[in-house]
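Step one of this worksheet: look at the structure below.
Lettering follows sequence order; numbering is per chain, from 1. All values below were derived from every heavy atom in this structure, side-chain atoms included, with hydrogens, water molecules and symmetry-related copies excluded.
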Protein chains: 2
Amino acid sequence: MKSRRDDLVETALKLFYIHGFNATGIDRILAESGVAKMTLYKHFRSKDELILAALQLRDERFRNWLMAEMEKSSTDPEERLLSMFPALETWFLGKAFKGLGFSGCAFINAAGEFGDQAHPAHRLAAEHKRRIVDYLSELCRDAGLPDPEDLAEQLALLKEGAIATAHVRNMPEAARTAEKMARILIEAAKARGGQPKA
Amino acid sequence: MKSRRDDLVETALKLFYIHGFNATGIDRILAESGVAKMTLYKHFRSKDELILAALQLRDERFRNWLMAEMEKSSTDPEERLLSMFPALETWFLGKAFKGLGFSGCAFINAAGEFGDQAHPAHRLAAEHKRRIVDYLSELCRDAGLPDPEDLAEQLALLKEGAIATAHVRNMPEAARTAEKMARILIEAAKARGGQPKA
DNA sequence: TATAAAACAGACAGGTCTGTATATTTGTCA
DNA sequence: TGACAAATATACAGACCTGTCTGTTTTATA
């Protein structure tokens with residue numbers, strides 16, 4: 001039951017992601033979605049609201065995709081953590097989200113265009129990243145790893161570094177570099193921290 | 001001996017960095033630099049050329065700043081490598097470049113707005129990142145660390161992750177997280193690789 | 001089938017954008 | 001001082017942008 005609103009947000013997300021927010025005009029979104037202008041302004045007060053809706057959709061889609069990839073890889077929490085990186089590589093290679101290739105992280109891009117920390121899009125980007133850290137924390141705790149919040153921050157930082165590297169330098173293999181690093185850091189955390197739970 | 005061209009590029013860099021490339025109109029650059037429009041188009045064919053000139057200036061400035069920070073920290077190559085992270089933190093706190101606070105990495109931002117890998121601005125961003133990896137490689141080699149290119153890629157990835165995290169989530173302390181990780185990874189490289197040169 | 005809500009097409013207002021044209025002023029150097 | 005180059009102010013063309021208005025057609029529901 002796809003509503004016109006859904007068509008609009010879907011098309012907006014695609015164009016914003018590929019071409020950027022400021023560079024994408026409303027008219028193009030309307031043309032590609034086949035929706036009339038008045039319908040847009042019946043559902044959204046402004047282009048900014050459409051941007052926020054698109055980012056909210058992206059947050060949901062991306063986290064669901066990532067979590068599904070990680071959960072299908074294994075039942076072991078530590079292996080799940082490490083499976084984040086092969087998942088990222090399939091994304092970097094453009095195989096993760098149909099229709100959108102890989103144009104970096106939509107939220108890093110949004111923070112770049114909307115530099116002001118107080119801008120709603122920037123805030124939404126920060127929330128997205130925090131939610132992912134929370135998920136990683138949970139997995140670290142499930143894995144019985146010491147200092148799970150700290151380790152989750154480390155793994156999240158590796159993820160951000162891999163994304164930026166893969167995008168700016170066109171280096172999808174950054175995912176494998178990050179994975180190697182993650183293995184070392186996890187082992188170091190184990191060695192340093194208390195004994196694993198088993 | 002500051003030319004009008006320099007005024008222009010300087011002002012352009014500042015405004016592009018703070019407000020973004022597409023969001024910054026030429027008129028504003030002209031107003032804030034006090035230069036006439038015809039003068040701009042005498043020095044540059046188009047806004048795109050001005051963008052490239054601004055990014056080239058940024059590349060030079062940023063790398064000179066980073067290398068100077070790292071070289072003044074110590075004469076020991078390994079300590080120099082690690083000093084990248086405190087330097088990054090001063091940048092994240094807005095204390096590095098007068099007039100520009102911290103709005104993330106200008107090149108990550110450029111790659112975000114100009115998503116096409118073939119776009120000159122995107123290519124310039126990739127070159128900037130590669131130059132930094134080259135510098136880190138050199139330091140790794142000087143430090144007698146095993147597999148210096150590989151380790152340089154790891155440290156560069158930590159740098160990108162710290163930048164993205166600091167900007168999107170407003171977390172300057174990401175620099176310290178990255179530094180801790182760097183220490184662990186360097187030790188692991190030493191342990192794994194051949195014996196250090198001394 | 002009757003009615004109401006939703007989406008449609010298309011014009012338009014008002015602003016901003018890049019880039020150009022013209023004519024005037026400033027600055028430099030001989 | 002005279003001549004030449006550089007920079008200036010100002011106006012403007014043409015495109016594009018967001019958002020609004022009007023009136024028609026489609027769609028869903030009762």
Side-chain angles (χ1 to χ4, degrees), chain A residues 1-57 109-110 112-116 119-122 124, chain B residues 1-57 106 109-110 112-116 118-122 124:
Chain A
M1 206 90 280
K2 266 195 359 185
S3 67
R4 289 288 183 263
R5 188 185 187 281
D6 291 342
D7 293 341
L8 225 32
V9 177
E10 188 92 34
T11 306
L13 171 57
K14 178 176 127 198
L15 294 177
F16 287 148
Y17 180 61
I18 295 176
H19 302 290
F21 299 93
N22 286 304
T24 303
I26 283 185
D27 287 343
R28 182 154 180 202
I29 297 169
L30 296 173
E32 295 206 15
S33 64
V35 173
K37 192 175 265 196
M38 282 314 293
T39 306
L40 188 162
Y41 284 100
K42 198 151 291 175
H43 288 291
F44 303 97
R45 221 184 274 279
S46 65
K47 181 187 177 182
D48 269 14
E49 274 196 10
L50 179 58
I51 289 174
L52 293 183
L55 285 174
Q56 254 147 13
L57 176 62
N109 296 350
E113 288 206 49
F114 309 110
D116 183 358
H119 191 292
H122 197 129
L124 220 152
Chain B
M1 205 90 278
K2 267 191 9 183
S3 67
R4 289 283 184 267
R5 188 185 187 281
D6 292 342
D7 293 340
L8 226 32
V9 177
E10 188 90 34
T11 307
L13 171 56
K14 178 177 126 197
L15 294 177
F16 286 149
Y17 180 61
I18 297 176
H19 302 290
F21 299 93
N22 286 304
T24 302
I26 282 184
D27 288 342
R28 183 156 180 199
I29 296 170
L30 296 173
E32 295 206 16
S33 64
V35 173
K37 190 175 265 193
M38 283 312 294
T39 306
L40 189 161
Y41 283 101
K42 198 153 289 173
H43 288 292
F44 303 97
R45 222 186 274 279
S46 64
K47 182 187 178 182
D48 269 15
E49 274 196 10
L50 179 59
I51 289 174
L52 294 183
L55 285 174
Q56 255 147 12
L57 176 63
N109 296 349
E113 288 206 47
F114 309 110
D116 183 358
H119 191 290
H122 197 129
L124 220 154

Practice prompt. Grab the CZ-P distance between B:Arg5 and D:dA5 for me, whole Å please.
Written response: 21 Å

Worksheet, complete the sentence: Here the distance between atom C1' of C:dC8 and atom OH of A:Tyr41, to the nearest Å, is 17 Å

Fill in: OP1 or OP2 of D:dA7 under 4.0 Å from side-chain N/O of B:His43
yes

Response to the item:
Here the distance between atom P of D:dT18 and atom CG of A:Leu40, to the nearest Å, is 10 Å

Item to complete: Would you indicate which nucleotide in C:dG19, D:dT22, D:dA7 comes nearest to any side-chain atom of A:Met38?
Response: D:dT22

Worksheet item: To the nearest Å, how far apart are A:Leu30 CG and D:dT20 P?
Response: 14 Å

Worksheet entry | Nearest listed nucleotide, side chain of B:Asp27, among D:dT18, C:dT18, C:dC8 | C:dT18

Discussion item. Any side-chain N or O of A:Thr39 below 4.0 angstrom from OP1/OP2 of C:dA6?
Written reply: no

Fill in: Nearest listed nucleotide, side chain of B:Lys47, among D:dG19, C:dA7, C:dT18
C:dT18

Worksheet item: If every non-hydrogen atom of A:Ala121 is compared with every non-hydrogen atom of A:Leu55, which pair is closest and at what distance?
Response: CB-CD1, 3.8 Å

Worksheet item: Hey, is the side chain of A:Lys37 pairing donor to acceptor with the base of D:dG19 inside 3.5 Å?
Response: yes

Worksheet item: Tell me: CD1 of B:Ile29 to C1' of C:dT16, nearest whole Å?
Response: 14 Å

Fill in: Shortest non-hydrogen separation from B:Val9 to B:Ala53 and the atoms involved
CG1-O, 3.8 Å

Item to complete: Go through C:dG19, C:dC8, D:dT8 for me and flag the one nearest to the B:Arg4 side chain.
Response: D:dT8

Worksheet item: Could A:Glu32 and A:Lys14 be called an ion pair, given the rule that one side-chain N must be under 4.0 Å from one carboxylate O?
Response: yes

Practice prompt. Give the rounded distance in Å between these two atoms: CG of A:Asn22 and C1' of C:dC17.
Written response: 13 Å

Worksheet entry | Closest non-hydrogen atom pair between A:Lys47 and A:Phe21, with its separation | NZ-O, 3.1 Å

Worksheet item: Separation of B:Ile51 atom CD1 from C:dC17 atom P, in whole Å?
Response: 14 Å

Worksheet item: Is it true that a side-chain atom of B:Ser33 and a backbone atom of B:Thr11 form a donor plus acceptor pair closer than 3.5 Å?
Response: no

